Every structure is written in C-alpha cells, then in structure tokens.
Amino acid sequence: EGLDQIKPGNRVGPYSVIRAFKGRGGMARIFEVEVREKYRRPGLPRRLALKVAKPEHQAALTAEADFLSRFDHPNVVRIFPLPGYHRPVYAAREQFSFGWGWYYAMEVLNGGSLQRRMTRPTTITDVLRPPSEDGCRLRLLETLGVARQMALALEHIHERYVVNLDVKPGNVL
C-alpha cells in the first residue's frame, strides 16, 4: 500500500515523520510527526498526530478535517491549523511517492482506545484469570465515566449540526 512508503524522517508539508502508529484505520494511516523548526509557533505542540488519507478516501478526510475544525471540547480530539498559511487551513495535499494525498494534524492522544482496554489484559492478575466471554470488563465507575465523557462530546458535536456515524470503541481514546 502507498501509505506504507511514508517512513521516519520523511517530510510531509511542515512536518517530519517520527513513526507510524500501530494499527490501520479504514480510511487513513496515522503518524507521529514533529513540526519542523521554521514552522513552530508558541502555544502549539511540537509533536502531533498526522492523519494521511488512503487514495480512495481523500474527500472523506477533507470533510472530517472541516468537521473537526468546528469543535472545541476536551473530549473531542483537537485539530490544528497547518502552519505556513495566512488564514486557518486544516487539510492540505502533498505529493507522495505514490501520488497526491490529503492530510491533517491533530493532538497526540496516548493511552490507547476503549476497544483495546476492553479486550486486553491490563494486570498480571488479568493474565492469570481465565478469559471470560465478554473480554475484560470495565468497572462500573469507569464505565460511567467513559459514558459521561462520550455523552458530553456527542452533545458538543450535535450542537454544531454534525452527526458522528462512526462511534465505536476503536474510535474512543
């Protein structure tokens, strides 16, 4: 696949690629990048996550960038305007070795997805315990906390007349 040709050290617009994140989304690949020195601005992070669309999903990625630029909520991933433009621009095209591709930059969120949390053991006692039919259960208070944060995020999104059709544990970080 073309996106596999993007390697650490490659430049994508104002960014230098540090590494590819594990996992492959249906629409894009995500890379950890660093803002190149001449594009750094005070108050903005130096390291970001760069989402690069697969060739067949270019339009969907630009629409997603447009939607994300409308949100400002602690439970919704933050997208950043691309440096080097006079007005806020959230998605750009780049010529890659495999052709043109759209990308945008967002905050790096560590910790993994809700899906990973629900399906992987987290402690040695979880490893020693026989696997259950329903994977690794979340504790009640943890479940309520996640549900509350998701509800607040979706409320914020819906107030801006956007409907998220891809709410699933793999997309909840």
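Source: prediction; values computed, not measured. Residues take their numbers from the sequence shown, with the count starting at 1.
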Asks: I'd like to know whether CD of E56 has more than 12 heavy-atom contacts from other residues, nucleotides or ligands below 6.0 angstrom.
Replies: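 Count over threshold, so yes.
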Asks: If only atom types and distance count, is the side chain of R40 paired as donor or acceptor with the main-chain N or O of V35 below 3.5 Å?
Replies: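 Indeed, once roles are kept as given, a pair shorter than 3.5 Å links the two residues.
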Asks: Just so I know, are the side chains of F67 and V163 near enough to count as touching, which here means a heavy-atom distance under 4.5 Å?
Replies: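 Not in contact.
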Asks: Please check if atom CZ in R36 has more than 12 non-hydrogen atoms from other residues, nucleotides or ligands closer than 6.0 Å.
Replies: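 Enclosed: over 12 neighbouring heavy atoms sit under 6.0 Å from CZ of R36.
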Asks: How about K51 and R29: do any of their side-chain heavy atoms sit closer than 4.5 Å?
Replies: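 Result no, sub-4.5 Å side-chain heavy-atom pair not found.
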Asks: Is there a donor-acceptor pair under 3.5 Å between the side chain of R117 and the backbone N or O of S113?
Replies: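 Checked: no pair found.
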Asks: Tell me, with the steps shown, if I6 and V52 meet side chain to side chain contact (heavy atoms under 4.5 Å, CB included).
Replies: CA-CA 10 Å; I6 300 173; V52 182; 4.2 Å; yes
Asks: Between Y15 and Y39, is there a shared hydrophobic cluster once you connect ILVMFWY residues whose side-chain heavy atoms come closer than 4.5 Å?
Replies: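 Yes, same cluster.
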Asks: Would E107 and L109 satisfy side chain to side chain contact (heavy atoms under 4.5 Å, CB included), going step by step from the backbone distance to the final call?
Replies: CA-CA 6 Å; E107 67 183 314; L109 297 173; 3.7 Å; yes
Asks: Is there side-chain contact between Y104 and L61, with at least one heavy-atom pair below 4.5 Å?
Replies: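 Contact flag for Y104/L61 side chains = yes.
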Asks: Quick one: does L114's side chain get under 4.5 Å of R116's, heavy atoms only?
Replies: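 The answer is no, as the side chains (C-beta and beyond) never meet within the 4.5 Å cut-off.
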Asks: Is Q58 reaching over with its side chain to a backbone N or O of A53, donor-acceptor style, under 3.5 angstrom?
Replies: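 Yes; at least one donor-acceptor contact below 3.5 Å.
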Asks: Report yes if some heavy atom in the side chain of F31 is under 4.5 Å from a heavy atom in the side chain of R19; otherwise report no.
Replies: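 Result no, sub-4.5 Å side-chain heavy-atom pair not found.
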Asks: In Å and rounded to the nearest 0.5 Å, what is the CD to CG distance from E32 to N110?
Replies: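 Here the interatomic distance stands at 7.5 Å.
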Asks: Could you walk me through whether I18 and R47 pass the side chain to side chain contact (heavy atoms under 4.5 Å, CB included) test, one step at a time?
Replies: CA-CA 9 Å; I18 297 170; R47 294 217 171 169; 3.2 Å; yes
Asks: For the CG atom of N171 and the CD atom of Q115, what is their distance to the nearest 0.5 Å?
Replies: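 Atom-to-atom, N171:CG and Q115:CD are 9.0 Å apart.
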Asks: Of all heavy-atom pairs between A153 and V76, which one has the smallest distance, and what is that distance?
Replies: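 For A153 versus V76, the nearest heavy atoms are CB-CG2, 3.9 Å.
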Asks: K168: what forms a salt bridge (Lys or Arg N to Asp or Glu O under 4.0 Å) with it, not counting sequence neighbours?
Replies: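 In terms of salt bridge (Lys or Arg N to Asp or Glu O under 4.0 Å), with neighbours along the sequence ignored, K168 is linked to D166.
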Asks: Does any non-hydrogen side-chain atom of M106 lie less than 4.5 Å from one of L48?
Replies: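 The answer is no; the side chains never approach within 4.5 Å.
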Asks: How far apart are the closest heavy atoms of P14 and Y103, and which atoms are they?
Replies: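 It is CD-OH, 3.7 Å.
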Asks: Between atom CZ of R41 and atom CZ of R46, what is the distance when rounded to the nearest 0.5 Å?
Replies: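 Nearest 0.5 Å value for the CZ-CZ distance: 14.5 Å.
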Asks: Please lay out, stage by stage, how F71 and R160 fare under the test side chain to side chain contact (heavy atoms under 4.5 Å, CB included).
Replies: CA-CA 8 Å; F71 309 139; R160 279 140 190 87; 3.7 Å; yes
Asks: Can you find a pair of side-chain heavy atoms, one from L173 and one from V77, that are under 4.5 Å apart?
Replies: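 Side chain of L173 against side chain of V77, heavy atoms only: no contact under 4.5 Å found.
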Asks: Can you name the nearest heavy-atom pair linking A91 to L82, along with the distance?
Replies: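 For A91 versus L82, the nearest heavy atoms are C-CD1, 3.7 Å.
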Asks: Output yes when R78 and D72 qualify as a salt bridge under the 4.0 Å nitrogen-oxygen rule, no when they do not.
Replies: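 Not counted as a salt bridge, because no side-chain N and carboxylate O are separated by less than 4.0 Å.
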Asks: Salt-bridged, R11 to E94, with N to O below 4.0 Å?
Replies: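 Salt bridge: no.
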Asks: Within a strict 4.5 Å, meaning less than it, do heavy atoms of the M150 and V167 side chains meet?
Replies: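 Counting from C-beta outward, M150 and V167 do come under 4.5 Å.
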